[in-house]
J.: 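Quick one: structure below, then a few questions.
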Amino acid sequence: MRMQSHELKVNAPGHKQFMSRVEQMAEFANRAQFEALRPDICQQLKIRILDSLGCALGALHAEPIRRIRGYISEVGSGGSCTLIGGGSTDLDRAALYNSALIRYLDFNDSYLAKGETCHPSDNLGAILAAGEHVGASGRDLMTALAVAYQIQCRLCDAAPVRSRGFDHTVQGSYAVAAGISKILGLDSSQTANAIAISGTAFNALRVTRTGKLSHWKGLAYPNLAACCTRATLLAKHGITGPLEVVEGDKGLMDAITGYFQVSWSGEDLGCVARTTVKKYNAEIHSQTAIEAVLTLLRKYKFSGNDIKRMDVEIFDVGYNIIGGGEEGDKSTVSTKEQADHSLPYILVVAILDGQVMPEQYASERIQREDVQTLLGKVSVQPRKLFSERFPDEMPCRVKITLQDGRILERETKDYEGFFTRPMSWEMAVAKFNKVASPNATAVQQASIVEAVANLEQTSVRELMKQRSGQRRAD
């Protein structure tokens, strides 16, 4: 028989019954208050909101985004929720579109657990749409987002699914449903049913991010966000879900994760401070390796033609996901999705171009002979000591052997943006301006920065109005 770990609830004097895991989660979400957010946590939330908006604006004209815009036009646009870049649509479609914009560049934040990695800002697009729909305040937005961060990060800590063949969107379904429920003002019972429906219905396969990657790598969570938005609205109107989705027969623990425990009654809203903001536009586990090669490049001023070979030692998670380990070969790269999840490509293009930004993933850049030739000169291997230090660090060692026999080496464990060296507001603004600049004027950028900086005095509708003034996607 499965171990049970329930809290008690009192329905009437002298009458007690056990609370399921999602009911405990719903109580956690329901009691969360803005006043519980410390000033430093509010600042970290603002940094991630601004960072996500920059990612969204930078992706405005990406091919998959144009295709989603076409889908929305086909099924019917117009509604209560703003589309970034102009126009409006219904709540769940706005959740899909705006979440896709935030996610597509793969430049938004990450959370690193020993057995799982996720992108908690993936929850923002749906929470923004729901907040605009009901006229929520900026304080409401930060509270709901903090709830989603806490639930997703803690589930990644306690209940990883990657090794069992499932995608991190599995944990995300609980988080985004809770965050949407919070900003919509649902009660604990409605919230529990929203989480239960979402946790039951959306258990995606890890093949999303293995082998030959497709557009779906960047769209899996946006799709989840839209689906969970719909599920939450159904729960608001009284649709019930299996409240024992976590601990019940054939539930999450039985079918996927095995037994785990999170005491939601003791959780705070601080997990956002343990998340990491990307400095470079590449998969999160590559950030320290990029830092290492760019440091060597600045110091020794070599070129791609000077390289005889490059040897990289990295922790096992990085090796398995982007280094050619268990999730597939990374030496053959022909698309953006493959490139930003290939450590060899990322490091080679960093050396050739001196940066890793969205322009490094243009099709013509990926296909160019210089980068394709150097791909074959990169070897990536896991190192046990580095694996033991992850995720408190992201250690790696890069050794570049030049044609003239010189050997250049650099070991790096973190960077500015990693949770041990948090990105400052000023650096976040600089990143936002750089990423957003192709699709927003300096005046528009400044207005968004000001709105986020003063989010306590800004409504979600006012914030979305700032975002809707950008040039519309084709």
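Worth knowing before you read on, the calculation uses all heavy atoms, side chains too, and leaves out hydrogens, waters and symmetry mates. Not measured: the values here are computed from a predicted model.
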J.: Check whether any side-chain heavy atom of K212 sits under 4.5 Å from a side-chain heavy atom of E337, and report yes or no.
T.: no
J.: Please name the residue in the list R154, E116, Q152 that meets the side-chain hydrogen bond (donor to acceptor under 3.5 Å, both in side chains) test with Q171.
T.: E116
J.: Can S265 and Q24 be said to form a side chain to side chain donor-acceptor pair (under 3.5 Å), step by step?
T.: CA-CA 7 Å; S265 62; Q24 296 172 38; over 6 Å; no
J.: Hey, are R365 and D353 close enough for a salt bridge, meaning a charged N less than 4.0 Å from a carboxylate O?
T.: yes
J.: May I ask you to check whether over 12 heavy atoms, not counting those of E35, lie within 6.0 Å of atom CD?
T.: yes
J.: Between L37 and A146, which heavy-atom pair has the shortest distance, and what is it?
T.: CD2-CB, 3.8 Å
J.: Using a 6.0 Å distance limit plus a 45 degree cone around the ring axis, check whether R421 lies over the aromatic ring of Y415.
T.: no
J.: Please round to the nearest 0.5 Å and tell me the distance separating atom CG of L53 and atom CD1 of I84.
T.: 6.5 Å
J.: So, the side chain of D109 versus the backbone of S121: is there a donor-acceptor pair under 3.5 Å, distance only?
T.: yes
J.: Closest approach of A220 and T208, non-hydrogen atoms and distance?
T.: CB-CG2, 3.9 Å
J.: Please tell me whether E23 and S20 have a donor and an acceptor in their side chains that are separated by less than 3.5 angstrom.
T.: yes
J.: Is K236 reaching over with its side chain to a backbone N or O of G185, donor-acceptor style, under 3.5 angstrom?
T.: no
J.: Tell me whether R139 contacts the main-chain N or O of F34 through its side chain, where contact means a donor paired with an acceptor under 3.5 Å.
T.: no
J.: Check the surroundings of atom CD in E450: do more than 12 heavy atoms from other residues, nucleotides or ligands lie under 6.0 Å from it?
T.: no
J.: Do N193 and L186 make a side-chain contact, defined as non-hydrogen atoms from C-beta onward lying under 4.5 Å apart?
T.: no
J.: Does any non-hydrogen side-chain atom of Y361 lie less than 4.5 Å from one of L105?
T.: no
J.: Between T169, D167, I256, which is the residue that forms a side chain to side chain contact (heavy atoms under 4.5 Å, CB included) with N203?
T.: I256
J.: State the CD1-OG distance between I47 and S424, to the nearest 0.5 angstrom.
T.: 7.0 Å
J.: So, N30 side chain and A26 main chain: donor-acceptor pair closer than 3.5 Å or not?
T.: no
J.: To the nearest 0.5 Å, how far apart are CD1 in I322 and OG in S286?
T.: 4.5 Å
J.: Do side-chain atoms of K431 reach the backbone of K278 as a donor and acceptor pair under 3.5 angstrom?
T.: yes
J.: Do you see a donor-acceptor pair shorter than 3.5 Å between the side chains of T257 and R164?
T.: no
J.: Less than 3.5 Å apart, any donor N or O on the side chain of H341 or R209 sitting next to an acceptor on the other?
T.: no
J.: Between OG1 of T210 and CD1 of I321, what distance do you get to the nearest 0.5 Å?
T.: 11.0 Å
J.: Ignoring hydrogens and angles, tell me if any N or O in the side chain of K46 forms a donor-acceptor pair with the backbone of A453 under 3.5 Å.
T.: yes
J.: Between R67 and E63 (salt bridge meaning N to carboxylate O under 4.0 Å), is one present in this structure?
T.: yes
J.: If we ignore hydrogens and angles and just use 3.5 Å, is the side chain of R274 paired with the main-chain N or O of G270 as donor and acceptor?
T.: no
J.: How long is the span from the CD1 atom in I183 to the OG1 atom in T143, to the nearest 0.5 Å?
T.: 8.5 Å
J.: Hey, is K279 close enough to E291 for a salt bridge, meaning N to O under 4.0 Å?
T.: yes
J.: Give the intermediate values and the outcome of side chain to side chain contact (heavy atoms under 4.5 Å, CB included) for residues R21 and W264.
T.: CA-CA 9 Å; R21 301 298 185 94; W264 295 107; 5.7 Å; no
J.: Does the separation of the ring centres of Y319 and H285 fall below 6.0 angstrom?
T.: no
J.: Does the side chain of Y149 reach to within under 4.5 Å of the side chain of L269, using non-hydrogen atoms?
T.: no
J.: Calculate, to the nearest 0.5 Å, the distance between atoms CG and CG belonging to L213 and D340 respectively.
T.: 8.0 Å
J.: Within the side chain of S447, is there an N or O that forms a donor-acceptor pair under 3.5 Å with the backbone of Q444?
T.: yes
J.: Counting distance only, does the side-chain N/O of E416 pair as donor-acceptor with the main-chain N or O of P422 below 3.5 Å?
T.: no
J.: Pair L124, L141 - check side chain to side chain contact (heavy atoms under 4.5 Å, CB included), show working.
T.: CA-CA 9 Å; L124 177 60; L141 172 64; 4.1 Å; yes
J.: Would a distance-only check, ignoring hydrogens and angles, find a side-chain to backbone donor-acceptor pair under 3.5 Å from K114 to F390?
T.: yes
J.: Quick one: do the E283 and Q287 side chains pair a donor with an acceptor below 3.5 Å?
T.: no
